[in-house]
Amino acid sequence: MNSPRLKTVLSMQPSPEPVTVCGWVRTRRESKGLCFLEINDGSAVESLQVVIDLRADGLAEETPRAGTGASVEVRGTLAASPGTGQAVELQALSLRVIGEAPPESYPLQKKRHSFEFLRGIAHLRPRTNTFGALMRVRNGLAAGIHAFFQERGFVWVHTPIITTSDAEGAGELFQVTTLPLERLPLADGRIDYARDFFGKRAGLTVSGQLEAEALALALRDVYTFGPAFRAENSNTSRHLAEFWMVEPEMAFCDLAGDMDVAEAFIKFILRWVLDRCPLDMELFDRWIEPGILATLRKVVETPFVRITYAEAIDALGKAQASFEYPASWGADLQSEHEKHLTEKVFQGPVIVTDYPKAIKAFYMKLNDDGKTVRGMDVLVPRLGEIIGGSEREADAEKLRARIREAGLDERDYSWYLDLRRYGSAPHAGFGLGFERLVQYVTGMANIRDVIPFPRAVGSAEF
RNA sequence: UCCCCUGUAGCUCAGCUGGUAGAGCAGGUGGCUGUUAACCACCGGGUCGGCGGUUCGAGUCCGUCCGGGGGAGCCA
């Protein structure tokens, strides 16, 4: 059994030479003596129409078992279709139902389902048009990400999943332990992590950035593309407990260079997926987010607006819009502010730089004003922040001061400080939430619908 | 974690101010030589999320728990 994919068959010319195809039945339409099966194998959005003459030998008996959801093998000849809606169709010579899908219990019907319902059957939803297209676009974006960095000579590095450092501060880590939870070993009344598997407290990584910095300061340009985990109790359409993150890190690079790469990166992968998944993208443009294709094409061609945080606050202050929270220097930009900047003022991606140091991470390079840091966020319409990045603090003493200010223990960061003690160099990087990118590109409203099996607070089914 | 909305047939939903449950689609059967949201006819299908309360009477009102969604915060 080694039949061609339906995508291949759909592009073939009509021929009297029989072909064998396999797939799952999407719909079945019956008339007297004639049956139309729509079959799909996930290799393309389009399905193949199979025409069955119910008066032919053997076909009438097998056809009733080929209901919606059943897997079938059809041998037939490809012919030009007299009907509208498809160029070619398969005239069945033989039909074999491989696996039945009892119609009274098969959850997927030949009609549209709500995403809420499909979330409850995450193991079957990839068989729908939307999720098929989604997985193919997701794959296209992942391939485009690797292509972008590989073409530019970046080295893909694999940073640890289990870690004992925490780039963002404490409290959001999933703890990893082999200690018996029902009787924890104590030392002076506190949990004795010395007796844990790693001899100290460990968790799942929230970011590979710190380790990526170590590799960039040896290999120059590197990137990570792997899973990250956050145990935050946030229940929104933009957060997952387990998600994939892309984090380039570049030595001998400043904030301006960082922004250049970020902008080129977004444009490259958008162009990549528009070129390679046109039919899948049409589905999203038609059913999920009308206008998304035009928007993405425009983003590819238009320079991203670059403003400082101070300028953003200024623009927001002048806005006619009434905000729930007024924009004032020192406070982080609210969702409503990000939306206003990207959707109303600039109508496209905006890069905001030079945030107050108090609202950004300790590793960002301090500006000469002593108040702001060399951080940048790429904001996009509808989603807000899609990329967060910065030039890193390369001065050991300034970094040590920032660690102390942040209330962190310097001893936990000794290896990180070493990177500045020995052959320090300016370096910069950014992080992109992969699922947020998929959301941005497809227009899908909920992040739980852009990953096959979502993990979020209170929910880790399948 | 906070605020708001929501839970009725397999799915999507209707059910006004309390009087004992309905539509469309899906499914089954039959009809129709080319359908593509197929069409036409008939049929089956519900502890109205759980528990408790008010009431002669609760899908409807109240309390509580559970599930789902949207927004906020935090962030990617």
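A note on names: the letters A, B, ... follow the listed sequences, proteins ahead of strands, and every chain is numbered from 1.
Stacking of the aromatic ring of A/Phe36 onto the base of B/G34 is not found under the criterion of centres within 5.5 Å and planes under 30°.
If you look at A/His123 and A/Phe453, their ring centroids are not closer than 6.0 Å. Annotation: A/His337 is not in aromatic contact with A/Tyr325 [ring centroid separation under 6.0 Å not met]. A/Phe225 and A/Phe149 have their aromatic ring centers separated by at least 6.0 angstrom.
Nearest nucleotide to the A/Asp332 side chain, out of B/U36, B/C75, B/U33: B/C75. Closest to the A/Thr236 side chain, of the nucleotides B/G73, B/G27, B/G69, is B/G73. Closest contact between the side chain of A/Arg238 and the listed nucleotides B/A76, B/A72, B/G70 involves B/A72. For A/Val51, counting side-chain heavy atoms from C-beta on, the closest listed nucleotide (B/U1, B/C74, B/G34) is B/G34.
Put simply, the side chain of A/Gln49 and the base of B/U35 share a donor and an acceptor less than 3.5 Å apart.
Contact annotation for A/Ser81: base contact, defined as any heavy-atom pair under 4.0 Å involving a base atom. Counting any heavy atom pair closer than 4.0 Å across all strands shown, A/Arg119 reaches sugar-phosphate atoms only and no base atom. When heavy atoms are screened at a 4.0 angstrom cut-off, A/Glu435 is found touching no nucleic acid atom at all. Here A/Gly83 lies in heavy-atom contact (under 4.0 Å) with a base. Using a 4.0 Å heavy-atom distance criterion, A/Glu336 is classed as making no nucleic acid contact. Across all strands, A/Asn235 comes closer than 4.0 Å to base atoms (heavy-atom distances).
Rounded to whole Å, the separation between the C1' atoms of B/G46 and B/C11 comes to 14 Å. The P atoms of B/C2 and B/G18 are separated by 33 Å, rounded to the nearest whole Å. Separating the P atom of B/U1 from that of B/G57 is a span of 39 Å, rounded to the nearest Å.
As the counterpart of B/A41, B/U29 is assigned, both hydrogen-bonding distances of the Watson-Crick or G-U wobble pattern falling under 3.5 Å. B/G22 is paired with B/C13 under the criterion used here, namely a Watson-Crick or G-U wobble arrangement in which both key atom distances are under 3.5 Å. The pairing partner recorded for B/G67 is B/U6, the criterion being a Watson-Crick or G-U wobble arrangement whose two distances lie under 3.5 angstrom. Applying the Watson-Crick and G-U wobble criteria (two distances, each under 3.5 Å), B/A72 pairs with B/U1.
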Anything under 3.5 Å between a protein N or O and an N or O of nucleotides 10-13 of chain B, put it in a table, one pair a line.
unit_1, atom_1, unit_2, atom_2, d
B/G10, N2, A/Gln109, OE1, 3.0
B/G10, N2, A/Gln109, NE2, 3.3
B/G10, N3, A/Gln109, NE2, 3.1
B/C11, O2', A/Lys111, NZ, 3.4
B/C11, O2, A/Lys111, NZ, 2.6
B/U12, OP1, A/Ser114, OG, 2.7

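Toward the 5′ end of RNA chain B lies the nearest nucleotide of A/Asn233, the other residue of the pair A/Glu324 and A/Asn233 mapping further downstream. Across the interface with RNA chain B, nearest-nucleotide mapping of A/Ile359 and A/Asn446 shows A/Asn446 to be the residue nearer the 5′ end.
For A/Arg29 and B/A38, the shortest distance from a side-chain N or O to OP1 or OP2 is below 4.0 Å. OP1 or OP2 of B/G73 sits under 4.0 Å from a side-chain N or O of A/Gln334. Phosphate contact (OP1/OP2 of B/C75, side-chain N/O of A/Ser234, threshold under 4.0 Å): absent. A/Arg26 has no side-chain polar atom (N or O) that falls below the 4.0 Å cut-off from OP1 or OP2 of B/U36. Contact between the side-chain N/O atoms of A/Ser237 and the OP1/OP2 oxygens of B/G71 is found at a separation under 4.0 Å.
Using a 4.0 Å cut-off between charged side-chain N and carboxylate O, A/Arg436 and A/Glu385 make no salt bridge.
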